[in-house]
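These numbers were taken from a predicted model, which means no experiment stands behind them.
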Amino acid sequence: MLSRQHKLLLMKIISLFSVVRGYNIPIIILAQYLSAIFILAPEIRALDILLDFNLFLIVFASSLTIASGYIINNFYDSKKDLINRPNKSMLDRLVSQKTKLTVYFSLNFIVALMSMFVSWRAFLFFSVYIFFVWFYSHKIKKYPIIGNLTAALLAVLPFFAILLYYYTKISFSDIEIYKSQLAVIFAHASFLFLLLLVREMIKDLENLKGDLANGYNTIPIIYSEAVSKKVITILTILTIFPVYVLIEIYDVGYMDIYFYACLIILIFFLLYLWKSNTKSQFLLLHNVLKFLIVAGVFCIVLINPSVLWHGKKLLLI
């Protein structure tokens with residue numbers, strides 16, 4: 001049997017794991033590596049990507065930065081979460097605010113050291129990213145529209161750290177060769193950005209009571225739930241454009257199955273959205289979007305499944 005002291009320590013570890021959303025970190029790492037292999041650098045052999053130590057440092061730094069972002073976000077949202085997520089909030093509060101800040105600064109210091117080892121560009125990127133994550137949590141997230149846009153952008157940006165890592169090695173004269181590949185990358189990024197933006201808008205509907213009590217000026221609070229639903233509908237419809245580009249103009253292999261399935265699910269998502277008016281209903285919609293985003297990570301391998309069972313080198317056509 002564990003002593004009371006050991007039980008308390010275990011609960012604090014679980015609490016910190018909850019604060020940094022440790023269950024998301026493996027998904028983020030997997031997403032970055034799969035993106036590098038199949039989307040960002042398909043011309044490089046998969047094994048070379050997996051064994052690239054500098055890339056490992058960038059992926060690890062990105063994960064730590066996102067974890068530290070969750071901490072500072074939790075720090076500023078502690079009062080709001082007491083209303084919106086009372087059970088999770090009680091668990092998170094087992095770790096003091098002082099401890100959270102200590103872990104936050106420690107993680108960012110580690111990120112700075114790792115990024116400096118890679119290059120000054122990586123150090124600059126992560127320094128700017130860390131600042132904007134803090135500024136978003138401290139100020140921007142309380143404002144409508146710009147708060148949602150910033151949250152979605154910050155969620156996508158870690159993938160651009162890998163993009164910069166590979167594309168800063170390419171000479172300016174060779175950029176023309178990679179034009180179509182860049183178009184595919186930005187189409188993927190646009191689709192992910194729109195899904196994340198819709199998810200942020202759904203979270204505003206889900207967290208309406210806590211946001212209202214703590215002075216957050218979200219779209220449903222300022223303009224009404226109906227206006228928020230209209231914006232969500234427009235953004236969801238806009239996902240058709242990057243999907244069209246990826247399916248009809250460029251080759252994404254068998255991943256087109258995922259995009260077709262997404263469009264079907266998003267139709268039912270919109271139908272249910274207009275019938276929803278309770279926190280539990282909005283939570284269900286939120287979870288549907290999370291499922292689509294996580295499923296998209298695993299479906300990246302469908303671009304070229306032969307890499308998994310043959311270990312073939314991916315070549316640009």
Side-chain heavy atoms of [X] within contact of [Y], under 4.5 Å:
{"X": "Ile300", "Y": "Ile37", "result": "no"}
{"X": "Val243", "Y": "Cys262", "result": "no"}
{"X": "Asn54", "Y": "Phe117", "result": "yes"}
{"X": "Asp52", "Y": "Tyr165", "result": "yes"}
{"X": "Phe298", "Y": "Leu30", "result": "yes"}
{"X": "Tyr272", "Y": "Val288", "result": "no"}
{"X": "Phe56", "Y": "Tyr33", "result": "yes"}
{"X": "Leu285", "Y": "Ile232", "result": "no"}

Is [Y] reachable from [X] through a run of I, L, V, M, F, W or Y residues, each pair having side-chain heavy atoms under 4.5 Å apart?
{"X": "Leu283", "Y": "Leu195", "result": "no"}
{"X": "Ile237", "Y": "Ile264", "result": "no"}
{"X": "Phe53", "Y": "Leu64", "result": "yes"}
{"X": "Phe123", "Y": "Leu55", "result": "no"}
{"X": "Val133", "Y": "Phe135", "result": "yes"}

Discussion item. Can you confirm whether more than 12 heavy atoms, excluding those of Ile146, are under 6.0 Å from its CD1 atom?
Written reply: no
Worksheet entry | Within 6.0 Å of OH in Tyr244, more than 12 heavy atoms from elsewhere | no
Can you measure from [atom1] ([X]) to [atom2] ([Y]) and round to the nearest 0.5 angstrom?
{"X": "Ile66", "Y": "Asn73", "atom1": "CD1", "atom2": "CG", "result": "13.0 Å"}
{"X": "Lys230", "Y": "Leu235", "atom1": "NZ", "atom2": "CG", "result": "14.5 Å"}
{"X": "Leu273", "Y": "Leu284", "atom1": "CG", "atom2": "CG", "result": "11.5 Å"}
{"X": "Ile72", "Y": "Asn108", "atom1": "CD1", "atom2": "CG", "result": "8.5 Å"}
{"X": "Asn148", "Y": "Leu153", "atom1": "CG", "atom2": "CG", "result": "12.5 Å"}
{"X": "Leu197", "Y": "Leu192", "atom1": "CG", "atom2": "CG", "result": "11.0 Å"}

Quick check: closest heavy atoms across [X] and [Y], and the distance to 0.1 Å?
{"X": "Met255", "Y": "Gly296", "answer": "CE-O, 3.8 Å"}
{"X": "Lys100", "Y": "Ile71", "answer": "O-CG2, 3.3 Å"}
{"X": "Thr65", "Y": "Ser68", "answer": "O-OG, 2.8 Å"}
{"X": "Pro242", "Y": "Ala187", "answer": "CB-O, 3.4 Å"}
{"X": "Ile162", "Y": "Ala36", "answer": "CG2-CB, 4.0 Å"}
{"X": "Phe125", "Y": "Leu157", "answer": "CZ-O, 3.3 Å"}

Worksheet, complete the sentence: salt bridge (Lys or Arg N to Asp or Glu O under 4.0 Å) pairs touching residues 189-202, sequence neighbours excluded, are Glu200-Lys203
Worksheet item: Do Phe160 and Phe186 have ring centres separated by under 6.0 Å?
Response: yes
Discussion item. Looking at Asn277, is its backbone amide N or carbonyl O close enough to the side chain of Gln281 to form a donor-acceptor pair, meaning the two atoms are under 3.5 Å apart?
Written reply: yes
Discussion item. Taking Val301's backbone N and O only, do any of them form a donor-acceptor pair with Tyr254's side chain (distance below 3.5 Å, no angle check)?
Written reply: no
Worksheet entry | Stepwise side chain to side chain contact (heavy atoms under 4.5 Å, CB included) check, Phe269 with Val198 | CA-CA 11 Å; Phe269 169 87; Val198 171; 3.9 Å; yes
Item to complete: For the pair Tyr258 and Phe191, name the ring-plane relationship: parallel under 30°, tilted 30 to 60°, perpendicular over 60°.
Response: perpendicular
Worksheet item: Taking it one step at a time, do Asp256 and Leu246 satisfy side chain to side chain contact (heavy atoms under 4.5 Å, CB included)?
Response: CA-CA 8 Å; Asp256 56 0; Leu246 290 167; over 6 Å; no
Fill in: Full working for side chain to side chain contact (heavy atoms under 4.5 Å, CB included) between Thr150 and Tyr143
CA-CA 10 Å; Thr150 304; Tyr143 298 100; over 6 Å; no
Practice prompt. Take Ile219 and Glu225, measure what side chain to side chain contact (heavy atoms under 4.5 Å, CB included) needs, and give me the verdict at the end.
Written response: CA-CA 8 Å; Ile219 291 175; Glu225 288 188 25; over 6 Å; no
Worksheet item: Picking from Leu266, Thr236, Ile265, what satisfies side chain to side chain contact (heavy atoms under 4.5 Å, CB included) with Leu289?
Response: Leu266
